[in-house]
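Here's the structure, in structure tokens; my notes come after.
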Amino acid sequence: MGRKSFSWWPRRGRKRCWHLVGKKALLPLMNREIPIIADAMVDREFGTGAVKITPAHDPNDFEVGRRHKLPEIDVMTDDGKMGAPAGAYAGMDRFEARKKIVEDLKALGLLEKITEHTNAVGLCERSKTIVEPRASTQWFCKMKPLAEPAIAAVERGEIQIVPDNRREEYFNWMRNIRDWTLSRQLWWGHRIPAWYCKENKHVTVAREKPAKCATCGSVNLEQDPDVLDTWFSSGLWPFSTLGWPEETADFKKYYPTSLLITGYDILFFWVARMIMMGIHFTGKVPFRAVYLHSLVRTGSGEKMSKSKGTGLDPVALNQQYGTDAMRFCLASMAAPGTDIVLSEDKLASARNFANKIWNAARFLFLNLDKFEEGGAKLEELAAPEVRAKAPYAYQGSVPLVDQWLYSRLASTIELVNDALTNYRFHEAAQGVYQFFWGDFCDWYIEWVKPDLQSADREQATIVWKNLFAAFDDALRLLHPFMPFLTEELWHQLPQRSGGKSIALDTFPTARKAWAQEKIVGAVDIFTQIQGVITALRNIRAEMRLDAKKKVPAQFWSTAEFIRNRVHIESDAITRLAVLSELKVSPAALGQVGGSVRSTAQFDVRIAYSDTVDATAEKVRLKKEIEGLEKAIASKERQLGDETFRSRAPEKIIKGLEATLAGQRIELQKLKDRLAQLEKGS
RNA sequence: AGGCCCGUAGCUCAGUUGGUUAGAGCGCUACCUUGACACGGUAGAGGUCUGGGGUUCGAGUCCCCACGGGCCUACCA
């Protein structure tokens with residue numbers, strides 16, 4: 001279809017055609033002689049293995065043309081018609097010309113056959129019209145000298161790229177960098193500062209419009225109509241915004257900045273260019289770290305795009321679910337290196353979390369009002385200096401539930417801080433979620449509920465102080481993810497004078513004193529007690545007991561300290577497991593009636609034999625026995641392997657042994673229970 | 001075609017240097033309109049981590065291959 005010039009490459013018919021290279025062919029219709037050449041660009045497996053070369057209308061052909069010094073003939077005009085070099089076709093519309101050429105070739109008997117071929121045609125993103133490749137004069141920026149120091153800066157770690165795997169992409173792109181076309185045929189942007197004299201086409205480049213041509217002195221000058229690529233100007237952003245090229249105070253203070261946050265799809269467009277420009281113009285990298293965040297996709301996984309109209313409307317979604325929910329949702333899904341598929345389900349889940357926090361706070365303040373009727377003041381319970389001394393002790397010791405809560409809080413604070421410094425925002429968000437909902441609401445508030453209005457004013461006061469101190473920390477932890485909700489609730493607590501916003505308060509940092517409680521073992525004991533309550537509830541559910549039906553239960557553990565602790569906490573356990581009484585047995589539980597749950601550490605029983613479904617119970621037991629036996633067998637195999645014992649770290653071996661011991665006890669208990677059930681039926 | 005990434009519960013995804021019975025949210029099942037919350041509570045079910053080799057005492061995790069999917073860049077006579 002190429003109607004002008006040039007050449008071929010007969011490689012496939014190496015034997016058949018090689019002799020033709022260097023000779024000339026006559027281009028039909030144009031009657032122009034064109035050379036036959038050989039070039040490795042050609043795919044000899046495709047079609048005839050020979051192809052015409054049109055350097056002015058194809059990027060590959062352009063390269064070939066340069067290699068073989070072929071003339072570049074542009075056969076089109078700016079308005080998409082055929083130009084003078086198109087000979088007889090000049091003035092025709094390009095589509096018309098193509099049809100006419102086929103007809104003419106046919107008429108001359110030169111057309112052998114027509115085959116279908118799918119070709120990638122460039123389309124204008126907005127107008128959808130076909131973009132015709134045409135050779136033209138453009139300004140290019142030589143990139144190698146700019147890229148090299150920019151590669152080195154990242155290699156040396158002067159700039160950290162997060163997530164790590166994007167470093168490779170950066171290197172790959174930078175090492176294979178091509179010269180950068182700066183000319184854009186748009187009607188907005190920075191005009192290219194080049195002037196041409198009309199007489200001799202000399203080029204004069206200057207900051208201000210020159211008075212005359214630098215070469216021939218002509219005053220008849222015309223500025224290049226093209227503008228600079230927007231990314232060229234954008235690349236200057238880190239320092240031009242700070243007053244550069246002046247050595248302003250801002251520039252000195254804030255350049256380089258610490259962190260750039262942007263989408264990973266813009267790493268090459270913008271980030272790489274800022275780095276290159278920054279190093280070139282200022283001698284310094286523009287920032288110390290680049291966090292490349294995920295792209296938000298629609299529920300069906302499409303990239304959101306304004307021009308494609310595939311975006312979700314954040315304003316509409318914010319109105320529906322709340323901006324806090326949106327923010328939390330995005331953060332909780334921002335695992336580095338993956339995209340975020342945003343769906344309404346997930347937003348709803350985040351909204352539910354916000355709702356949960358709001359209701360928990362409502363509960364606290366409603367109860368506080370009642371408590372204040374007895375003379376207490378919020379300032380005495382939750383002023384900053386009061387909160388700072390938490391956790392408070394009651395009758396000489398910090399209540400177990402508070403030891404546990406503050407230890408959990410300390411771990412959460414550590415986790416969140418750690419996650420944030422490492423750009424692992426999803427872990428931070430999920431950590432707060434787990435603490436606030438799973439620990440604070442589900443366990444802590446439920447646990448201390450009756451104590452909030454305790455007749456023992458001293459006890460109630462302690463409870464309130466501990467509660468508010470933890471609540472305040474939790475709010476501040478949550479604040480980066482749910483700014484509005486936490487701000488609102490924070491203002492309901494008494495703040496230090498001048499406490500204008502939670503955003504100006506300090507972010508919680510690790511409290512070693514709280515984490516210490518874990519070492520003492522309080523957390524482990526509390527976890528055991530949670531296990532006791534869950535086991536009892538599980539039995540209730542299996543028995544299909546009415547939720548309000550209070551039933552008697554028995555408890556036994558070979559460990560005396562657990563028995564003692566369960567005894568001390570029996571009020572709470574009784575309430576949370578809906579029992580009529582909890583009896584700590586003086587000896588192992590006998591095999592009589594009811595339903596039992598066991599762990600390696602303890603056994604609980606609800607004595608309600610008439611409602612026990614023995615068949616279902618046996619199925620459950622067998623399943624658990626099977627799973628345990630498998631786990632035990634694999635551990636025994638591993639621990640029996642001398643190579644393993646000699647090479648695995650001590651910690652792993654010890655842990656395995658401990659777990660194995662527990663599992664053996666558990667298995668024995670399950671087996672006994674099963675045997676007893678089978679004997680009974 | 002080249003480069004990068006992904007494949008884990010029904011769905012969407014976590015899983016930091018290989019190490020003790022692989023987690024979450026949603027959905028699902030059963031029970032509960034219990035005085036903060038049904039946008040809720042309690043208890044559950046559900047995965048031979050795409051497949052095949054390899055390294056290792058030990059692999060969801062490291063290496064190779066295959067299959068499937070995505071993105072970026074380039075593009076075919």
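Chain letters run A, B, ... following the sequence lines, proteins first, then strands; residues in each count from 1.
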**Asked** Whole Å only: how far is the CZ atom of A:Phe363 from the P atom of B:G40?
**Response** 18 Å
**Prompt:** Which sits closer to the 5' end of RNA chain B, A:Gly655 or A:Phe353, going by the nucleotide each is nearest to?
**Reply:** A:Gly655
**Request:** Rounded off to whole Å, could you give me the CG-to-C1' distance for the A:Leu660 and B:G19 pair?
**Result:** 16 Å
**Message:** Angle between ring planes, A:Trp231 versus A:Trp270, binned at 30° and 60°: parallel, tilted or perpendicular?
**Reply:** tilted
Scan nucleotides 30-34 of chain B against the protein and return all N/O pairs shorter than 3.5 Å with their distances rounded to 0.1 Å.
| unit_1 | atom_1 | unit_2 | atom_2 | d |
| --- | --- | --- | --- | --- |
| B:A30 | O2' | A:Arg544 | NH1 | 2.9 |

**Message:** Is A:Arg178 close enough to B:A74 that one of its side-chain N or O atoms is under 4.0 Å from OP1 or OP2 there?
**Reply:** no
**Message:** Exactly one of A:Leu536, A:Ile539, A:Val604 should register a side chain to side chain contact (heavy atoms under 4.5 Å, CB included) with A:Ser595. Which one does?
**Reply:** A:Ile539
**Atom-pair distance (CG on A:Asp442; P on B:A36), nearest Å** = 15 Å
Donor-acceptor pairs under 3.5 angstrom involving side-chain atoms of residues 639-646 of chain A: please list them, not counting sequence neighbours.
| unit_1 | atom_1 | unit_2 | atom_2 | d |
| --- | --- | --- | --- | --- |
| A:Asp641 | OD1 | A:Thr643 | N | 2.9 |
| A:Asp641 | OD1 | A:Thr643 | OG1 | 3.2 |
| A:Arg645 | NH1 | A:Leu639 | O | 2.8 |
| A:Arg645 | NH2 | A:Glu657 | OE2 | 2.6 |
| A:Ser646 | OG | A:Glu642 | O | 3.2 |
| A:Ser646 | OG | A:Thr643 | O | 2.9 |

Could I get a table of every N or O pair under 3.5 Å where one atom is in the protein and the other is in nucleotides 4-11 of chain B?
| unit_1 | atom_1 | unit_2 | atom_2 | d |
| --- | --- | --- | --- | --- |
| B:C4 | O2' | A:Glu169 | OE2 | 2.7 |

**Request:** Report yes or no: does A:Gln430 contribute a side-chain atom to a donor-acceptor pair with the main-chain N or O of A:Ser332 at less than 3.5 Å?
**Result:** yes
**Prompt:** Does the ring center of A:Tyr291 lie less than 6.0 Å from the ring center of A:Phe425?
**Reply:** yes
**Prompt:** With Watson-Crick and G-U wobble geometry limited to distances under 3.5 Å, how should the secondary structure of RNA chain B be encoded in dot-bracket form, using | for bases paired to another strand and [ ] for crossing pairs?
**Reply:** (((((((..((((.....[...)))).(((((.......))))).....(((((..]....))))))))))))....
**Message:** A cation-pi test, strictly: NZ or CZ of A:Arg408 under 6.0 Å from the centre of the six-membered ring of A:Trp443 and no more than 45 degrees from its axis. Yes or no?
**Reply:** no
**Request:** Could you tell me whether A:Arg540 contacts a base, only the sugar-phosphate backbone, or nothing, with contacts defined as non-hydrogen atoms closer than 4.0 Å?
**Result:** nothing
**Request:** Look at all strands and tell whether A:Ala348 reaches a base, only sugar-phosphate, or nothing, counting heavy atoms closer than 4.0 Å.
**Result:** nothing
Listing time: all N or O pairs from protein to nucleotides 44-49 of chain B that are below 3.5 Å?
| unit_1 | atom_1 | unit_2 | atom_2 | d |
| --- | --- | --- | --- | --- |
| B:G44 | OP1 | A:Asn538 | ND2 | 2.9 |
| B:G44 | O5' | A:Asn538 | ND2 | 3.1 |
| B:G46 | OP1 | A:Lys623 | NZ | 3.1 |
| B:G46 | OP2 | A:Lys623 | NZ | 3.3 |

**Request:** Check for a donor-acceptor pair, side chain of A:Asn417 on one end and backbone N or O of A:Ile413 on the other, with a separation under 3.5 Å.
**Result:** yes
**Asked** Considering only B:G15, B:G19, B:G40, which nucleotide approaches the side chain of A:Lys356 most closely?
**Response** B:G40
**Message:** Keeping A:Trp437 on the side-chain end and A:Asp442 on the backbone end, is there a donor-acceptor pair under 3.5 Å?
**Reply:** no
**Prompt:** In terms of heavy-atom contacts, does CZ of A:Phe171 have more than 12 from other residues, nucleotides or ligands at under 6.0 Å?
**Reply:** yes
**Message:** Under 4.0 Å, heavy atoms only, any strand: does A:Arg351 hit a base, just the sugar-phosphate, or nothing?
**Reply:** base
Tabulated below should be each protein N or O lying under 3.5 Å from an N or O of nucleotides 21-28 of chain B; please produce it.
| unit_1 | atom_1 | unit_2 | atom_2 | d |
| --- | --- | --- | --- | --- |
| B:U21 | OP1 | A:Lys635 | NZ | 2.4 |
| B:U21 | N3 | A:Gln663 | NE2 | 3.2 |
| B:U21 | O4 | A:Gln663 | NE2 | 2.7 |
| B:G25 | O2' | A:Ser349 | OG | 3.1 |

**Message:** Tell me whether A:Arg537 contacts the main-chain N or O of A:Val578 through its side chain, where contact means a donor paired with an acceptor under 3.5 Å.
**Reply:** no
**Message:** Under the criterion salt bridge (Lys or Arg N to Asp or Glu O under 4.0 Å), I'd like the reasoning laid out for A:Glu626 against A:Lys630: C-alpha separation, chi angles, the key distance, then a yes or no.
**Reply:** CA-CA 6 Å; A:Glu626 201 183 321; A:Lys630 250 171 90 179; over 6 Å; no
**Message:** Do A:Lys449 and A:Phe363 form a cation-pi contact, if we require the NZ or CZ to be under 6.0 Å from the six-membered ring centre and within 45 degrees of the ring's axis?
**Reply:** yes
**Asked** What's the verdict on salt bridge (Lys or Arg N to Asp or Glu O under 4.0 Å) for A:Glu624 and A:Lys669, showing C-alpha distance, side-chain angles and the deciding distance?
**Response** CA-CA 11 Å; A:Glu624 271 192 48; A:Lys669 286 177 175 178; over 6 Å; no
**Fill in**
Side-chain contact check for A:Arg537: nearest option of B:G19, B:A36, B:A43 is B:A43
**Request:** Under 4.0 Å between any heavy atoms, over every strand shown, what does A:Glu446 touch: base, sugar-phosphate, or nothing? Just pick one.
**Result:** base
**Prompt:** Of all the nucleotides listed (B:U12, B:G19, B:A36), which has the minimum atom distance to the side chain of A:Ala648?
**Reply:** B:G19
**Request:** Flag yes if more than 12 heavy atoms outside A:Glu414 fall under 6.0 Å of its CD atom; otherwise flag no.
**Result:** no
**Request:** Take the angle between the ring planes of A:Phe440 and A:Phe471 and call it parallel below 30°, perpendicular above 60°, tilted in between.
**Result:** parallel
